[in-house]
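Step one of this worksheet: look at the structure below.
Note on naming: letters A, B, ... go to the chains in the order of the sequence lines (proteins, then strands), and numbering restarts at 1 for each one. Being a predicted model, the structure only gives us computed values, none of them experimental.
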Protein chains: 2
Amino acid sequence: MDFSEKSNCSTCRIKSCAVEVLDQHELEILQTNCSGASYKRGERIFQQGTLISNIVYVKSGLIKIHKKGPSKDQILKLVNPPRFIGIPTILGDRVNQYSATAVVPTEVCFIVTQIFKTLISRNGKFGHEIINGLCQDELQFFDRSINQMQKQIHGRLADALLYFSNDIFCADAFIMPLTRAELGDFVHTTRESVTRTLTHFKNDGLITVEGKKITLQDKFRLQKISQIG
Amino acid sequence: MDFSEKSNCSTCRIKSCAVEVLDQHELEILQTNCSGASYKRGERIFQQGTLISNIVYVKSGLIKIHKKGPSKDQILKLVNPPRFIGIPTILGDRVNQYSATAVVPTEVCFIVTQIFKTLISRNGKFGHEIINGLCQDELQFFDRSINQMQKQIHGRLADALLYFSNDIFCADAFIMPLTRAELGDFVHTTRESVTRTLTHFKNDGLITVEGKKITLQDKFRLQKISQIG
DNA sequence: ATAAAAATGTGATTTGTGTCACAGAATATA
DNA sequence: TATATTCTGTGACACAAATCACATTTTTAT
């Protein structure tokens, strides 16, 4: 990873809704307690089980939030900017409950947790925006959980492909940033089943696959598959 | 359900951490915009898909938060007091994303959402406490999800039994408030598999079952089962 | 008290998908 | 350029758990 010097929050153009509501003085507080870093694919931003020092603000790139389970590592969610991560661990035992790893080149800012807490207590609107973010996360995670638990592989993988296409890349064709094994961790299967299902989709003319490049050819039918499960 | 008159928040003894930080004036605001109700087992408190009017504060009892999935209704979590529910839906489309139903006789207070929002913006500490609650929920739900997805039935059901014993009733013996089918919705199986697994546990001397009454006889081995999956 | 409805227990059968095992392709490292 | 890793594809097999089907018990309503 590569640490740069202190960033300038007031002129930073990648501002979250929450940061928008801070006044000039608060922005200065933030700025003096905040530093940037960039990560390459595969680099760990923070690791489950280690002590927390900072809130992380994702400026660009894509991050996977993952956690060790009883049998294997599992990708809880992907986070695309702009977004704060690590908020849930600012309280309690102060130990990260999950890991965060860059899946594409990623830029983040670290914010001292105490400062973050101060801003929340000082500026109710800031807190309000943070709550908004947390709530959105929760609802999204509810949906994802239910889908993961009730659909079978075809549906889950169709969901994932549509998610990458619609929410992450906003394009029908994209370079899949996850390996087959990671995709398995994301949709709860094995590497082998991902391959098999992808091949199946390909043979049915739903997608084309050229190595890492995936093109959705028939989104409508993919949606159908996602719905039936 | 049974609606009583306006409650008195300043003298209410079932106060959440969040409400504790409100000042006298804020408590009065809360009080004049808040009313109580009680529900019997099986009564719906709010329903997925309907418009939201209020934040719900659970004072006593036990509530299931459940949501329709592609194939069946699923219990996302159980909520025991004192706790706010419905916060995630105060924003956005203002439609409940999930249902809440009492599983034992339950008392709640309804708080006008606008007032709730005002309190958050007005009192940073209140917002801070609410964020704490949401974060705890998120971490807990992460754990639950991973366990649900990676363990098989024996482990999942052992988890559930230990959860009821340790977190809900604080006793080795308790009256199971969920039917076998609901228990299935909670741990992701069918009614039949719940029965079979329970019988299996009983034959192994881990528990005794007399209708709705369940007694954990060997918590240690149950924990073992929970761990292996 | 009696009927109707809901909840529960248990067997037989089917099936989705995880596991194992190996080969080829792609990528990183020396 | 060679060599070691890490990825990826594909088959054969096993098994956990869903589904179906029916009997029995418990609860609720009349």
Nearest whole angstrom, please: distance from the [atom2] of [N] to the [atom1] of [X].
{"X": "B/K40", "N": "D/dA29", "atom1": "NZ", "atom2": "C1'", "answer": "14 Å"}
{"X": "B/L198", "N": "C/dT10", "atom1": "CG", "atom2": "P", "answer": "11 Å"}
{"X": "A/R191", "N": "D/dT5", "atom1": "CZ", "atom2": "P", "answer": "18 Å"}
{"X": "A/L178", "N": "D/dC7", "atom1": "CG", "atom2": "C1'", "answer": "14 Å"}
{"X": "A/K151", "N": "C/dT17", "atom1": "NZ", "atom2": "C1'", "answer": "18 Å"}
{"X": "B/Q148", "N": "D/dA17", "atom1": "CD", "atom2": "P", "answer": "12 Å"}
{"X": "B/M149", "N": "C/dT17", "atom1": "CE", "atom2": "P", "answer": "14 Å"}
{"X": "B/K212", "N": "C/dT8", "atom1": "NZ", "atom2": "C1'", "answer": "9 Å"}

If only side-chain N and O atoms of B/R180 are considered, is one of them under 4.0 Å from the OP1 or OP2 phosphate oxygen of C/dG9?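 For B/R180, the contact criterion (side-chain N or O under 4.0 Å from OP1 or OP2 of C/dG9) is met.
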Between B/T199 and C/dT10, is there a contact of a side-chain N or O with OP1 or OP2 at under 4.0 Å?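 Yes, because at least one side-chain N or O of B/T199 sits under 4.0 Å from OP1 or OP2 of C/dT10.
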Taking salt bridge (charged side-chain N to carboxylate O under 4.0 Å, His left out) as the criterion, tell me which of B/K212, B/R41, B/R191 meets it with B/E182.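 The single option meeting the salt bridge (charged side-chain N to carboxylate O under 4.0 Å, His left out) with B/E182 is B/R41.
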Nearest-0.5 Å distance, CD of residue A/Q74 to NZ of residue A/K64: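 The distance works out to 12.0 Å.
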For the atom pair CD1 (A/I207) and OG (A/S165), what is the distance rounded to the nearest 0.5 Å?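 Going from the CD1 atom of A/I207 to the OG atom of A/S165 covers 11.5 Å.
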So, does A/T106 use its side chain to make a donor-acceptor pair with the main chain of A/V104 at under 3.5 Å?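 Side chain of A/T106 to backbone of A/V104, a donor-acceptor pair under 3.5 Å: yes, one is there.
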Between the side chain of A/R156 and the main-chain N/O of A/V187, is any donor-acceptor distance below 3.5 Å?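 Yes, because the side chain of A/R156 sits within donor-acceptor range (under 3.5 Å) of the backbone of A/V187.
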Could you go through nucleotides 18-20 of chain C and list every protein N or O atom that sits under 3.5 Å from one of its N or O atoms, giving the distance for each pair?
| unit_1 | atom_1 | unit_2 | atom_2 | d |
| --- | --- | --- | --- | --- |
| C/dG18 | OP2 | A/T190 | N | 3.4 |
| C/dG18 | OP2 | A/S193 | OG | 3.2 |
| C/dT19 | O4 | A/R196 | NH2 | 3.1 |
| C/dC20 | N4 | A/E192 | OE2 | 3.4 |

Assign the ring pair A/F46 / A/Y98 to parallel, tilted or perpendicular, where the plane angle (0 to 90°) is split at 30° and 60°.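 Geometry flag for A/Y98 against A/F46: tilted rings.
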Aromatic ring pairing A/H154/A/F201, orientation class (parallel under 30°, perpendicular over 60°, tilted between):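 Ring orientation, 0 to 90° scale: perpendicular.
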What's the closest nucleotide to the B/T179 side chain, out of D/dT8, C/dA7, C/dG16?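 Out of D/dT8, C/dA7, C/dG16, the nucleotide with an atom closest to B/T179's side chain is C/dA7.
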